[in-house]
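Okay, so here's the structure we're looking at.
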Amino acid sequence: MPELPEVEVIRQALVPRVVGRQIEAARICEPRLTRRGGTPQEIGSALAGRTVAAVRRRGKYFLFDLGGESLIVHLGMTGQLLWWNTREEFRPDMHTHAHLCVSGGGVLSFRDVRKFGQMFLLPTAAVDRTLGIGVEPLDDGFTAEVLRRFCRASGARIKPLLLDQRKVAGIGNIYADESLFRAGIRPTRRASSLRPAEVQALRRAIRAVLRAGIRHRGSSISDFRDPCGEPGHFAPLHRVYHRHGEPCVTCRTPIRRIVLGQRGTHFCPTCQR
DNA sequence: CGCACCCCCTGCCGGC
DNA sequence: TGCCGGCAGGGGGTGC
């Protein structure tokens, strides 16, 4: 579900609801969630009493800053962070694996059908080093020069390179395919073969697609919802993702689907070279 | 280093 | 109707 735009949409909704609030109680009831470090009980008790100083994002990770430590949350494929205004409204179901009761009466719950999501604590100062993820594509630091350096240094095809979180953080399968379409670049191209003008176009396309995703409040392919249960509206604006067989919006050639790096990959064989 | 392949987990959808 | 394979937005590990 969640790539950079979806995580950012959720983050923006959470800021006014949890920043400055105290975590009065925390319960984690799925051991898989904390596999990266600590037991559910340890993390739950470590959270109780802490105050949320900020909610930040790095790539597809949420960082809840708690004063010295940060609660790191990753949604995996199907994770959801849902907001409930009162304890009485809170309705956990069989896929609700954690919840935080915050001051003011609200509840933040973590629901994840496939259990690929994660929650763990890190010293705030160690977050970047530990997560080991790359440049933020919407930051000023993501220049054409930076992208060109990644491309030149890599023997990989361009799409798997875009999905490598150690290089650029936050691009997932949807936004990689959409960015490559808008840049007119075939996903199977060797990254090192991209000409400077193509790298420039790709950088611009990545930023435009991610911004559009945020502006339209995310891509709801099946189960993405914001914390208030609202779906995003970007999926109807996808030009290639999950559109195999449909005519290309530009040239009417049927969109093709191949498998690349074990991921479904969608492109226009005419517009993307 | 790249990459093919496997795993984790659950639900849905289409074909037979 | 029921079963089975394929597929799904995530990442991590192994071995060549």
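The chains referred to below are lettered A, B, ... by the order of the sequence lines, with proteins before strands, and numbering in each begins at 1.
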Centroid separation A:Phe90 to A:His99 less than 6.0 Å: yes
Pair A:His266 + A:Tyr241: ring centers closer than 6.0 Å: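 Yes, ring centres under 6.0 Å apart.
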Just the rounded figure in Å: distance from [atom2] of [N] to [atom1] of [X].
| X | N | atom1 | atom2 | result |
| --- | --- | --- | --- | --- |
| A:Ile133 | C:dG11 | CD1 | C1' | 12 Å |
| A:Ile221 | C:dG9 | CD1 | C1' | 7 Å |
| A:Leu81 | C:dG9 | CG | C1' | 15 Å |
| A:Glu3 | C:dA8 | CD | C1' | 12 Å |
| A:Leu4 | C:dG9 | CG | C1' | 13 Å |
| A:Asp112 | C:dA8 | CG | P | 18 Å |
| A:Arg166 | C:dG13 | CZ | P | 11 Å |
| A:Glu30 | B:dT10 | CD | C1' | 12 Å |

Rounding to the closest angstrom, what is the interatomic distance between [N] and [M] at atom [atom1]?
| N | M | atom1 | answer |
| --- | --- | --- | --- |
| B:dG11 | C:dG11 | P | 22 Å |
| C:dG9 | B:dG2 | P | 22 Å |
| B:dC9 | C:dC3 | P | 23 Å |

Between [X] and [Y]: side-chain donor-acceptor atoms closer than 3.5 Å:
| X | Y | value |
| --- | --- | --- |
| A:Asp223 | A:Thr78 | no |
| A:Gln80 | A:Arg225 | no |
| A:Thr96 | A:Ser109 | no |
| A:Thr188 | A:Lys159 | no |

Table of protein N/O atoms under 3.5 Å from nucleotides 5-9 of chain B N/O atoms:
unit_1, atom_1, unit_2, atom_2, d
B:dC8, O3', A:Arg32, NH1, 3.4
B:dC9, O4', A:Arg114, O, 3.2
B:dC9, O2, A:Arg114, NE, 2.7
B:dC9, N3, A:Arg114, NH2, 3.3

Stem list, DNA chain C (Watson-Crick or G-U pairing under 3.5 Å, at least 3 consecutive pairs): B:2-8 with C:10-16, B:10-16 with C:2-8
Pair A:Glu6 + A:Arg217, salt bridge at N-O below 4.0 Å: no
salt_bridge(A:Lys167, A:Asp164) N-O dist < 4.0 Å: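 Looking at A:Asp164 together with A:Lys167, the answer is yes, because their closest N to O distance falls below 4.0 Å.
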Out of C:dG9, C:dG12, B:dG11, whichever nucleotide has its closest atom nearest the side chain of A:Asn173: C:dG9
Nearest to side-chain heavy atoms of A:His95, which nucleotide of C:dG9, B:dC3, B:dG11: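 The listed nucleotide nearest to A:His95's side chain is B:dG11.
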N/O (side chain, [X]) to phosphate O (OP1/OP2, [N]) under 4.0 Å:
| X | N | answer |
| --- | --- | --- |
| A:Arg257 | C:dA8 | yes |
| A:Ser154 | B:dG2 | yes |
| A:Tyr241 | C:dG9 | yes |

Backbone of A:Glu24 reached by a side-chain donor or acceptor of A:Gln22 within 3.5 Å: no
Shortest non-hydrogen separation from A:Phe116 to A:Arg35 and the atoms involved: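 Taking every non-hydrogen atom into account, O-NH2, 3.0 Å.
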Sugar-phosphate, base or nothing in reach of A:Arg190, heavy atoms under 4.0 Å: sugar-phosphate
Sugar-phosphate only, base, or nothing, as touched by A:His242 at under 4.0 Å among non-hydrogen atoms: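 A:His242: backbone/sugar contact only, no base atoms under 4.0 Å.
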